A.B. asks: 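Here you go, one structure.
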Amino acid sequence: VEGIQEFRGEDLFSGLSGRRIPRFHLQRAFFQAWLNEKFAPELLESKPEIIECVVEQLDHMEANLKRAKRGDLKVSIHRMEIERIRYVLSSYLRCRLVKIEKFFPHVLEKEKSRAEGEPSILSPEEFAFAKEYMANTEIYLKNVALKHMPPNLQKVSLLKSVPRPNLDSFVFLRVLERQENILVEPETDEQREYTIDLEEGSQHLIRYKTVAPLVASGAVQLI
């Protein structure tokens, strides 16, 4: 997957907002979104604009291949690049669906309680899937188990029953922008809080919730 070095074709792509995204920025943002989603213990903010642009780029590359001369070595190279991009795209979307299925009550609760203007962690399609998944789960539990139990036990809170994402898990990261005075919480009661500076280019193993805001802002990259 490291072989995804550049996107062939147009230099600019239009996102959902109509904003034109440079090809290099699209490549970097797409690869960063994939790695962050892959290694973060929680579902991250949805990136529909990036995904739309990647799909647009894939369509453009496919169209270029159809116009290329048969037997040209570049055709095989570009076809391989298309497959690599499709792999990353499928991996990214599949990873998000796995997290939605695993944490669906908490995902929907977070979406419900987000402030006005705050970015959504779900795309419209993911939101519809999460609601349908929760409704089907409730129906299944009711038909298979709850209706056979005493009346006082026929209600269950999925929000309490389904485990939350483990934000205390540790992640590897690479610092993209220098950060100062990052508060690190103690692992035991005997330890004290302390702050650290994260130098650009340095790599660390650190508790996820300590750097979650930095992941969201793009200041660090999970690896």
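What you see is a predicted model, and the numbers here were worked out from it, not measured in a lab. Counting from 1, the numbers follow the sequence of the chain as shown.
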A.B. asks: Give a yes or no on whether a salt bridge exists between Glu42 and Arg164, defined as a side-chain N under 4.0 angstrom from a carboxylate O.
C.D. replies: no
A.B. asks: Does some side-chain heavy atom of Phe39 sit less than 4.5 Å from a side-chain heavy atom of Leu173?
C.D. replies: no
A.B. asks: Is it true that Ser202 and His204 share a donor-acceptor pair across their side chains at a distance under 3.5 Å?
C.D. replies: yes
A.B. asks: For the residue pair Glu45 and Tyr92, what are the closest heavy atoms and their distance?
C.D. replies: O-OH, 4.3 Å
A.B. asks: Has the side chain of Gln154 got a donor or acceptor atom that lies under 3.5 Å from a matching backbone atom of Met149?
C.D. replies: yes
A.B. asks: Going from OG1 on Thr210 to CD1 on Ile182, what distance comes out if it is rounded to the nearest 0.5 angstrom?
C.D. replies: 9.0 Å
A.B. asks: If two hydrophobic side chains count as joined below 4.5 Å and joins carry through other members, does Leu93 share a cluster with Val88?
C.D. replies: yes
A.B. asks: Do Ile206 and Ile196 make a side-chain contact, defined as non-hydrogen atoms from C-beta onward lying under 4.5 Å apart?
C.D. replies: yes
A.B. asks: Do Tyr208 and Leu198 land in one hydrophobic cluster if side-chain heavy atoms of ILVMFWY residues count as linked below 4.5 Å?
C.D. replies: yes
A.B. asks: Give the intermediate values and the outcome of salt bridge (Lys or Arg N to Asp or Glu O under 4.0 Å) for residues Arg178 and Glu199.
C.D. replies: CA-CA 5 Å; Arg178 187 177 189 276; Glu199 299 296 335; 2.8 Å; yes
A.B. asks: Give me the atom names and distance for the closest heavy-atom approach of Glu126 to Ile121.
C.D. replies: OE1-O, 4.0 Å
A.B. asks: Are Leu146 and Met134 in one and the same hydrophobic cluster, where Ile, Leu, Val, Met, Phe, Trp and Tyr link if side-chain heavy atoms are under 4.5 Å apart?
C.D. replies: yes
A.B. asks: So, His78 side chain and Asn64 main chain: donor-acceptor pair closer than 3.5 Å or not?
C.D. replies: no
A.B. asks: As an exercise, state the distance from CG of Leu214 to CD of Gln179, rounded to the nearest 0.5 Å.
C.D. replies: 5.0 Å
A.B. asks: Where the side chain of Asn181 meets the backbone of Thr195, is there a donor-acceptor pair that is under 3.5 Å apart?
C.D. replies: no
A.B. asks: Can Glu111 and Ser120 be counted as having a side-chain donor-acceptor contact under 3.5 angstrom?
C.D. replies: yes
A.B. asks: Side chain of Ser90, backbone of Tyr87: donor and acceptor closer than 3.5 Å?
C.D. replies: no
A.B. asks: Which residues pass the side chain to side chain contact (heavy atoms under 4.5 Å, CB included) test with Ile139, not counting sequence neighbours?
C.D. replies: Asn143
A.B. asks: Taking all non-hydrogen atoms of both residues, which atom of Glu37 and which atom of Cys95 are closest, and how far apart?
C.D. replies: O-SG, 3.3 Å
A.B. asks: Find the distance between NE2 (His25) and CD1 (Ile50) and round it off to the nearest 0.5 Å.
C.D. replies: 12.0 Å
A.B. asks: Would you find more than 12 non-hydrogen atoms of other residues, nucleotides or ligands less than 6.0 Å from Gln203 atom CD?
C.D. replies: yes
A.B. asks: Are side-chain heavy atoms of Leu183 and Tyr194 found at a separation under 4.5 Å?
C.D. replies: no
A.B. asks: For Phe170, look at atom CZ and say whether over 12 heavy atoms of other residues, nucleotides or ligands are found less than 6.0 Å away.
C.D. replies: yes
A.B. asks: Has the side chain of Glu109 got a donor or acceptor atom that lies under 3.5 Å from a matching backbone atom of His106?
C.D. replies: no
A.B. asks: For the pair Arg96 (side chain) and Leu44 (backbone), establish whether a donor and an acceptor sit closer than 3.5 Å, ignoring hydrogens and angles.
C.D. replies: yes
A.B. asks: Return the minimal non-hydrogen interatomic distance between Ser46 and Leu122, and the atom names on each side.
C.D. replies: CB-C, 3.7 Å
A.B. asks: Measuring from Leu35:CG to Ile223:CD1, what's the distance to the nearest 0.5 Å?
C.D. replies: 9.0 Å
A.B. asks: Just so I know, are the side chains of Arg207 and Val184 near enough to count as touching, which here means a heavy-atom distance under 4.5 Å?
C.D. replies: no
A.B. asks: Looking at Lys99 and Pro41, would you say the former's side chain and the latter's main chain have a donor-acceptor pair under 3.5 Å?
C.D. replies: no
A.B. asks: Locate the shortest heavy-atom distance separating Val162 from Phe103; write the atom from each residue and the value.
C.D. replies: CG1-CA, 4.4 Å
A.B. asks: A side-chain contact here means heavy atoms from C-beta on lying under 4.5 Å apart; do Gln221 and Val175 qualify?
C.D. replies: no
A.B. asks: Please check if Tyr133 and Ile100 belong to a single hydrophobic cluster, counting links between Ile, Leu, Val, Met, Phe, Trp and Tyr side chain heavy atoms closer than 4.5 Å.
C.D. replies: yes
A.B. asks: So how far is it from His148 NE2 to Lys142 NZ, rounded to the nearest 0.5 Å?
C.D. replies: 11.5 Å
A.B. asks: Take Trp34 and Leu89 through the side-chain contact (heavy atoms from CB on, under 4.5 Å) test and state the conclusion after the steps.
C.D. replies: CA-CA 8 Å; Trp34 172 56; Leu89 180 59; over 6 Å; no
A.B. asks: Ion pair present between Arg79 and Glu62, side-chain N to carboxylate O less than 4.0 angstrom?
C.D. replies: yes
A.B. asks: If I take atom NZ from residue Lys155 and atom CG from residue Leu153, how far apart are they, to the nearest 0.5 angstrom?
C.D. replies: 12.0 Å
